[in-house]
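Each remark here refers to the structure printed beneath this line.
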Amino acid sequence: DLARALARLALTRGGPRDLGAVRDAIASARALAAHLARAAGLGLPLELDAVATRLRSVPEDVEQIIDAALADELPLNKRDGGFIRDRFDGDLDEHRKLRDGSRQVIAGLQTRYAEATGIKSLKVRHNNVLGYFVEVTATNAGALSKPPHVEMFVHRQTLANVMRFSTLELGELEARITTAADRSLALELDIFARLTERVLAEQDSLAAASAGLAELDHHAGLAELAVEQNYVRPKVDESPVFTIVEGRHPMVEQTLARGDGANFVGNDCRLGAEGKGIGTRILVVTGPNMAGKSTFLRQNALIVVLAQLGSFVPAKSAHIGIVDRLFSRVGAADDLARGRSTFMVEMVETAAILNLATERSFVVLDEIGRGTATFDGLSIA
């Protein structure tokens with residue numbers, strides 16, 4: 001979700017995974033742009049050609065920088081640290097080495113001091129009073145108190161059998177080890193801030209690519225649905241016609257297929273007339289409970305929506321005149337606090353539909369006049 005990641009980063013609420021989402025989205029955009037380029041020989045529609053142009057505009061260098069910086073496993077929050085890849089920043093690697101491998105660092109320093117002084121028994125130790133110090137036996141201590149080593153080793157403490165010294169390097173190392181964890185996190189946060197700034201500098205092109213990805217996902221989803229569910233391309237024009245042959249309710253059909261595998265039985269619906277005639281403009285649908293009346297009404301309303309948003313529709317064939325408004329009055333509800341019974345609510349809502357509908361409106365009324373006599377309700381309908 002590139003748009004969400006960009007918004008979080010712009011509001012300084014982003015985390016490492018948002019940077020990862022930007023990186024992955026750029027990679028996806030470039031791959032999809034290449035895929036569309038290979039299909040260009042077929043003659044892309046203007047909409048997909050525009051999408052391809054937006055996807056090609058993504059900054060490839062931003063993806064490379066983020067990919068080089070981020071680790072494979074990313075924490076949710078940046079304050080947890082550990083999201084910058086090893087060997088990306090030398091200073092960060094050094095502080096991590098001090099934080100995670102202080103024993104190895106001290107052991108290396110001890111080996112170096114032992115070789116420099118020729119005292120194989122030299123040890124680098126630590127306590128809460130002196131911190132880190134160099135410890136040698138009293139026999140070997142004299143060598144550290146004379147040139148050339150006296151300038152490096154500063155006497156700190158004399159005990160019965162040993163003498164302890166400190167060095168400037170050891171003091172600096174101790175301070176760095178103590179602050180290594182805090183410093184490494186601060187370095188990671190600084191790198192995160194620089195990466196975020198780099199991403200936001202390309203916010204316009206990334207936002208355009210995000211919209212292109214969403215639009216492509218929309219078209220591809222509808223295309224995949226049309227192929228899998230055997231949808232048909234509707235004829236949409238300005239004629240006052242609504243002719244559906246073997247139309248199907250898209251959700252009910254899939255629910256049946258996922259359940260016991262039953263097939264949805266298609267229904268025809270014909271309103272208006274071809275040519276100059278007016279034809280039938282109103283259908284009154286009757287039948288017993290669970291006969292499929294509501295399914296029939298709603299499937300045709302859904303077919304209108306699908307056709308006018310550019311989708312294929314669940315039918316054998318469909319000819320749909322452009323619909324300016326779609327009204328639906330479904331269900332029984334009262335508003336007793338305002339003095340309206342279920343019947344009164346129905347009448348108010350129906351009156352609103354009648355006042356707002358035009359000759360190009362598509363209206364679905366699922367039951368009208370409940371609570372009245374049969375012929376009264378039929379008259380209202």
Side-chain angles (χ1 to χ4, degrees), residues 12 15-16 19-20 64-198:
T12 67
L19 285 177
Q64 294 172 346
I65 292 170
I66 296 176
D67 189 53
L70 293 186
D72 295 331
E73 297 294 330
L74 299 175
L76 180 61
N77 299 309
K78 58 186 176 183
R79 64 174 178 270
D80 296 333
F83 55 85
I84 298 300
R85 193 184 300 275
D86 290 336
R87 295 185 295 280
F88 176 76
D89 183 271
D91 198 13
L92 175 61
D93 289 340
E94 183 179 348
H95 283 85
R96 281 178 171 172
K97 187 177 180 181
L98 288 173
R99 181 195 66 190
D100 302 330
S102 58
R103 290 184 179 180
Q104 289 82 355
V105 175
I106 294 300
L109 194 61
Q110 175 178 297
T111 301
R112 184 153 57 85
Y113 284 165
E115 291 175 352
T117 61
I119 302 173
K120 295 182 179 180
S121 61
L122 181 147
K123 302 294 182 184
V124 176
R125 301 185 184 280
H126 179 272
N127 63 34
N128 293 331
V129 177
L130 298 180
Y132 285 98
F133 54 85
V134 175
E135 184 177 272
V136 296
T137 62
T139 304
N140 295 316
L144 300 185
S145 303
K146 299 176 182 178
H149 303 307
V150 66
E151 295 180 0
M152 175 183 294
F153 295 93
V154 179
H155 178 259
R156 293 291 302 277
Q157 191 177 40
T158 300
L159 301 179
N161 299 317
V162 296
M163 290 185 67
R164 292 170 175 173
F165 299 82
S166 65
T167 68
L168 180 62
E169 183 181 17
L170 200 56
E172 292 176 349
L173 180 62
E174 179 179 5
R176 287 160 57 198
I177 290 175
T178 303
T179 61
D182 293 338
R183 181 58 182 158
S184 62
L185 178 58
L187 286 170
E188 286 198 75
L189 294 178
D190 181 62
I191 295 171
F192 179 88
R194 284 188 274 122
L195 292 173
T196 300
E197 184 179 359
R198 183 70 183 85

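One-based numbering along the sequence shown. Values in this document were obtained by computation on a predicted structure and should not be read as measured data.
Annotation: ring pair (Phe, Tyr, Trp, His ring centres under 6.0 Å) contacts involving residues 128-149, sequence neighbours excluded, comprise His126-Tyr132. Among pairs with a residue in residues 157-166, those fulfilling salt bridge (charged side-chain N to carboxylate O under 4.0 Å, His left out) read Glu135-Arg164, at least two apart in sequence or across chains. Sorted by first and then second residue, the side-chain hydrogen bond (donor to acceptor under 3.5 Å, both in side chains) pairs involving residues 76-87 (not counting sequence neighbours) are Asp72-Arg85, Asp86-Arg96. Within the structure, every pair that satisfies the salt bridge (charged side-chain N to carboxylate O under 4.0 Å, His left out) test and touches residues 166-175, not counting sequence neighbours, is listed here: Arg112-Glu169. Within the structure, no pair that satisfies the salt bridge (charged side-chain N to carboxylate O under 4.0 Å, His left out) test touches residues 137-148, not counting sequence neighbours.
Between the CD1 atom of Ile191 and the CD1 atom of Ile65 there is a distance of 12.5 Å, given to the nearest 0.5 Å. Leu130 contributes atom CG, which lies 5.0 Å from atom CD of Gln157 (distance to the nearest 0.5 angstrom). Considering CG of Leu19 and CG of Leu70, their distance stands at 5.5 Å, rounded to 0.5 Å.
With sequence neighbours left out, Glu94 forms a salt bridge (charged side-chain N to carboxylate O under 4.0 Å, His left out) with Arg176. Every side-chain contact (heavy atoms from CB on, under 4.5 Å) that Lys123 has, sequence neighbours left out, goes to Gln110, Arg125. Scanning for side-chain hydrogen bond (donor to acceptor under 3.5 Å, both in side chains) contacts around Gln64 gives Glu60, with sequence neighbours left out. Partners of Asp190 by side-chain hydrogen bond (donor to acceptor under 3.5 Å, both in side chains), not counting sequence neighbours, listed by chain and number: Arg194. Not a single side-chain hydrogen bond (donor to acceptor under 3.5 Å, both in side chains) links Thr139 to another residue, sequence neighbours left out. Judged as a ring pair (Phe, Tyr, Trp, His ring centres under 6.0 Å), and not counting sequence neighbours, the contacts of Phe153 are Tyr113. For the side-chain hydrogen bond (donor to acceptor under 3.5 Å, both in side chains) test, residues two or more places apart in sequence or in another chain that qualify with Thr137 are Asn140.
Using a 4.5 Å heavy-atom cutoff, the side chains of Phe165 and His155 are in contact. Counting heavy atoms from C-beta on, the side chains of Ile106 and Leu173 come closer than 4.5 Å.
What you find for Phe83 and Pro75 is that their closest heavy atoms are CB-CD, 3.6 Å. Considering all non-hydrogen atoms of both residues, Ile119 and Ala143 come closest at CD1-CB, 4.4 Å. Closest heavy-atom contact between Ala141 and Met163: CB-SD, 3.1 Å.
Between the Thr167 side chain and the Leu170 main chain, a donor and an acceptor come within less than 3.5 Å of each other.
Of the residues listed (Leu195, Leu74, Leu76, Ile66), the one engaging Pro16 in a side chain to side chain contact (heavy atoms under 4.5 Å, CB included) is Leu74, and it is the only one.
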